[in-house]
Number of protein chains: 2
Amino acid sequence: MNATLGFRPLYAQVKDLLVQRLASGVWKPGEALPSEFSLAAELKVSQGTVRKALDELAAQNLVVRQQGKGTFVARHTPQRALFHFFHLVGDDGARALPSHRVLALRNARATKAQAERLKLAAGTPVIALKRIRLLGGRPAIFERIVLPGSLFPGLVERVVDKLPNEVYRFYEEKYGVTVARAVERLKAVAATPEEAKALGLRAGAPLLEIDRTAYGLDGRPVELRLSRCDTARHHYLSEIT
Amino acid sequence: MNATLGFRPLYAQVKDLLVQRLASGVWKPGEALPSEFSLAAELKVSQGTVRKALDELAAQNLVVRQQGKGTFVARHTPQRALFHFFHLVGDDGARALPSHRVLALRNARATKAQAERLKLAAGTPVIALKRIRLLGGRPAIFERIVLPGSLFPGLVERVVDKLPNEVYRFYEEKYGVTVARAVERLKAVAATPEEAKALGLRAGAPLLEIDRTAYGLDGRPVELRLSRCDTARHHYLSEIT
DNA sequence: CCGTTTATATCTTATATAAGACATAAGATT
DNA sequence: AATCTTATGTCTTATATAAGATATAAACGG
């Protein structure tokens, strides 16, 4: 009967609505959502339908569920950063978040390529960060980050040079920008003289380049990140299931 | 009441049983499983419980479900190989499975490191394959594969040198070995003279090394694979959700 | 009387079951 | 041969019960 192309099952509609609310900040990271029953009552569907929607959100790591306590908006905890968004692991299997040293943080304007990837007009204000990340005290990653200026107003002036190490948590707490998903493109490249010097390598040494585009809850790109990694003592871990 | 530590919910027990049957080859790749109702009747649980187990198996890509048709054991189709187990993508976004040229295929004995990763005793018979893979007609990957001899009896003698390109489908169809999961460790390395020559590069050129361990349905390692990739025109795609 | 412990009520999500809707394919009917 | 019917799958939704978490109040010991 429903020949409408736009038809979606009830639970999917509920899920869409919840994602929309998450994206618009109705519930903030760490907060509890209303219970299954109250959501069901509000949306005039059964509790089981709400549950199926919530289960899918939990599978996508947008919410965290805990029996007896409630359903909570997922936060960028160190744990999550480590296991979900940071794939560089020591060759002995040890995982640790790197510390960092900021080289530059300034306002700039999007290049054509950057604008295209961030879905902005060329020349739009952006924020550019250049930093070195250290693993086990050793410089291991040379990293360049580009953010849309509109999403992070006054960031450069605000942080001066005390930018925290875990920037995703910073985005979330200070600007309400939640990184929900990312795509990484990996290549092997030769270190430039600048990178080689910063990482204590010879120019031309092989580096692992990770070119990441991160997306927010609403699906729009919120960060570009180019990481050039010394993989002498570490590797990028990818699990295929 | 169930203070037994080993307690698992009913649907999880059903799932375990089904995985066990899949691993033991009760249902072969491509075949249909019994319907939800008949499984429920056999196992003395409700259809919904069977469904939850099957849904999780589908989420793990072990089975494929199709409304109105049935539930089928997942197969290593070219599509699956391409989107699931082959992460090298053209810089323009084009995906294509490489062709290959076999350099060597022979019986050998496991080194200590290989034996450890394959959970074998050192010196156990293994099969070693060396090949070049071509993307868009160009040599792009230099690859070494090691297999436990016990799982692939007579492979070297059998295939002579007509080994098919998609080896996972070959493992599955000829030896009943299904690759269900894999772990990849990526590094940037410098090309050895042998690799450089084979790939048409200068020695020392940066290559992306993919060190894969593949696991079967029963969770035991079934393949080691070291791929050294020229990423001048391609990249490794990793999606973080 | 005060502080600690122990029930208990009530909230939450997790699990199990069932019924109707929808999709597909094959056989019967025209 | 084309259409309709029916059998048999999974999908969707709903409901009931179990189990975990927590706050409150009663019971208890000092």
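Letters A, B, ... mirror the listed sequences (proteins, then strands); counts begin at 1.
- DNA chain C is contacted by no residue of residues 53-65 of chain B, taking any non-hydrogen atom closer than 4.0 Å.
- If you take CD of Glu36(B) and P of dT12(D), they are 11 Å apart, rounded to a whole angstrom.
- The 12-atom threshold is not exceeded at CZ of Arg75(A), counting heavy atoms of other residues, nucleotides or ligands nearer than 6.0 Å.
- No more than 12 heavy atoms of other residues, nucleotides or ligands sit less than 6.0 Å from atom CZ of Arg220(B).
- Side-chain N/O atoms of Thr71(B) include one lying less than 4.0 angstrom from OP1 or OP2 on dT10(D).
- Per the geometry, CD belonging to Gln67(B) stands 6 Å off P belonging to dA23(C), to the nearest Å.
- Within 4.0 Å of Gln66(A), counting heavy atoms only, lie sugar-phosphate atoms of the nucleic acid but no base atom.
- Using a distance-only test at 3.5 Å, with no hydrogens or angles considered, no donor-acceptor pair links the side chain of Thr178(A) to the main chain of Ala180(A).
- For Tyr11(B) and dT17(D), the OH to C1' distance is 16 Å, given to the nearest whole Å.
- Contact annotation for Thr49(B): base contact, defined as any heavy-atom pair under 4.0 Å involving a base atom.
- Between His76(A) and Tyr171(A), the ring center distance fails the sub-6.0 Å criterion.
- Here dA14(D) is the nucleotide among dC11(D), dT15(C), dA14(D) with the atom lying nearest to any side-chain atom of Val45(A).
- Following rounding to the nearest Å, Leu10(B) (CG) and dT17(D) (P) show an atom-to-atom distance of 18 Å.
- Other residues, nucleotides and ligands contribute more than 12 heavy atoms inside 6.0 Å of the CZ atom of Arg21(A).
- In this structure, Phe72(A) atom CZ and dA21(D) atom P are separated by 11 Å, rounded to whole Å.
- Heavy atoms of Phe37(A) sit under 4.0 angstrom from at least one base atom.
- Between Glu143(B) and Arg212(B) no salt bridge is recorded (no basic side-chain N to carboxylate O distance below 4.0 Å).
- Within 3.5 Å, a donor on the side chain of Arg51(A) pairs with an acceptor on the base of dT15(C), or the reverse.
- Counting to the nearest Å, the C1' atom of dA16(C) and the CG atom of Leu43(B) are 15 Å from each other.
- In the displayed structure, Arg158(A) atom CZ is contacted under 6.0 Å by more than 12 heavy atoms of other residues, nucleotides or ligands.
- Residues Arg185(B) and Thr213(B) have side chains in contact (heavy-atom distance under 4.5 Å, counting atoms from C-beta outward).
- Within 6.0 Å of the CD atom in Gln20(B), the count of heavy atoms belonging to other residues, nucleotides or ligands does not exceed 12.
- Among the atoms of the strands shown, only primed sugar atoms or phosphate atoms (P, OP1, OP2) are found under 4.0 Å from some heavy atom of Gly70(A).
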Look for any protein N or O under 3.5 Å of an N or O in nucleotides 22-24 of chain D and output each such pair with its distance, or none.
| from | atom 1 | to | atom 2 | distance (Å) |
| --- | --- | --- | --- | --- |
| dT22(D) | OP1 | Lys69(A) | NZ | 3.2 |

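- Residue Ser35(B) has its side chain nearest to dT10(D) when only dA14(D), dA16(C), dT10(D) are considered.
- Atom NZ in Lys44(A) sits about 17 Å away from atom P in dT13(D), given to the nearest Å.
- The listed nucleotides are dT17(C), dC11(D), dA14(D); the one nearest the side chain of Gln47(B) is dC11(D).
- Tyr168(B) does not carry Arg80(B) over the face of its six-membered ring by the limits of under 6.0 Å from the centre and within 45° of the normal.
- In this structure, Leu39(B) atom CG and dG9(D) atom P are separated by 10 Å, rounded to whole Å.
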